[in-house]
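As the structure lists them, so they are numbered: ligands from 1, and atoms in each ligand from 1. Treat the numbers as computed from the prediction; the structure is a model and nothing was measured. Values below: all heavy atoms of this structure, side chains included; hydrogens, waters and symmetry mates excluded.
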Amino acid sequence: MEEIKRIGVLTSGGDAPGMNAAIRAVVRAGIHYGLEVYGIRRGYQGMIEGDIIPLDSPAVSGTIQKGGTILQTARCKEFMSYEGRKKAYDCLVSFGINAVIVIGGDGSFTGASIMSKEFDIPFIGIPGTIDNDLYGTDYTIGYDTAVNTVVEAVDKIRDTASSHGRIFFVEVMGKEAGYVALRSGIACGAEGILVPEEKGQVEKLKVYLDTRGRLKKSSIILVAEGEDYGGAIGIAKIFKEQFPEFDIRTTILGHIQRGGSPSAFDRVTASRMGVAAIEALLDDQKSIMIGMVNNEMVHVPLNKTVKLHKDIDHKLLALTEVLI
Ligand code: F6P
């Protein structure tokens with residue numbers, strides 16, 4: 001493999017709190033190991049258009065606590081074509097970049113895995129998405145912060161729900177996965193957590209609300225956006241028809257879950273993964289994701305992270321019935 005001297009780093013797909021901490025760690029570790037680091041702005045779109053800037057240590061100073069991404073991001077359709085990737089590769093060559101670190105989710109890793117093989121260039125993935133839906137890692141950067149943002153919001157909703165004796169269906173992000181709903185649901189003592197990975201929950205919830213639920217001052221039901229019944233609004237409609245006597249409201253939390261200053265956990269995880277990504281490149285790793293399993297940094301083949309599915313913790317989900 002060509003000796004790695006100059007690397008590119010980019011953020012791609014949905015932004016996630018902690019991406020800046022990862023960029024900072026990549027830059028600082030790169031410099032520490034004698035490499036040059038270039039920032040590729042706006043993800044693969046910037047790689048195609050040559051929107052690439054050198055990054056020195058001061059460039060990432062004062063960024064670890066910032067949400068979003070200083071390199072900006074985009075979802076780039078053109079990169080899904082061979083022609084788009086060829087343009088991107090020619091740009092990398094013109095900047096003398098011979099390895100790339102991609103901070104993003106499954107869509108971004110799909111592109112990285114294909115391009116790495118097509119042009120024989122090392123790509124290292126750092127899992128950055130609030131959805132935590134990537135195979136091969138217990139945590140993705142941004143997940144912990146997003147869960148804390150949901151808990152903070154739901155605690156506020158609990159105040160008004162209890163004051164009015166209401167039932168709230170609160171919709172949270174997560175794409176097709178229920179990780180955000182599950183962890184934040186347990187953390188805020190939700191009376192119900194509806195996720196795409198578990199069937200038959202709506203019937204169970206009807207029985208609960210029709211019996212024990214009537215004795216509670218309020219009920220909060222967390223609904224993952226990927227859930228089958230069309231999210232919080234679809235679910236609430238079903239319950240309003242079945243229980244016209246209940247005072248039901250819905251809240252869709254939306255993009256507040258994507259922003260905000262990253263939690264200490266996300267900052268530390270992102271910093272560890274950033275350094276591990278540089279060390280993996282220097283260890284001749286070619287097409288892998290840096291994962292964290294049982295608090296250890298691991299290497300996972302990129303194509304596995306996009307092909308294999310990470311199931312939800314059904315035992316944790318079952319806790320809801322014990323805790324309500
Ligand atoms: O992947 C992160 C995520 O926030 C998902 O949870 C959500 O479904 C999607 O991105 C929203 O995408 P956009 O920001 O393009 O509306």
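Taking any N or O of Gly174, backbone or side chain, at least one lies under 3.5 Å from an N or O belonging to ligand 1.
Comment: Lys286 engages Asp120 in a salt bridge, judged by a side-chain N to carboxylate O separation of less than 4.0 angstrom. For the pair Lys240 and Glu245, the salt-bridge criterion is not met [side-chain N within less than 4.0 Å of a carboxylate O]. With respect to the salt-bridge test (charged N to carboxylate O, under 4.0 angstrom), the residues Asp210 and Lys206 do not qualify. Ion pairing between a basic and an acidic side chain is recognised when a charged N comes within 4.0 Å of a carboxylate O; Glu191 and Arg212 show no such pairing. For the pair Glu83 and Lys87, the salt-bridge criterion is not met [side-chain N within less than 4.0 Å of a carboxylate O].
Residue Gln257 places every heavy atom at 4.0 Å or more from ligand 1.
For atom 4 (O) of ligand 1, the closest non-hydrogen atom on the protein side is Arg258 NH1, 2.8 Å. The protein heavy atom nearest to atom 1 (O) of ligand 1 is Asp131 OD2, 2.6 Å. The closest protein non-hydrogen atom to atom 16 (O) of ligand 1 is His255 NE2, 3.2 Å. Remark: minimum distance from atom 12 (O) of ligand 1 to any protein heavy atom is reached at Arg75 NH2, 3.1 Å.
Near Glu225, meaning under 4.0 Å from one of its heavy atoms, ligand 1 places the atoms 5 (C), 6 (O), 7 (C), 8 (O).
By the 30° and 60° cut-offs, the orientation of the rings of Tyr143 relative to Tyr139 is tilted.
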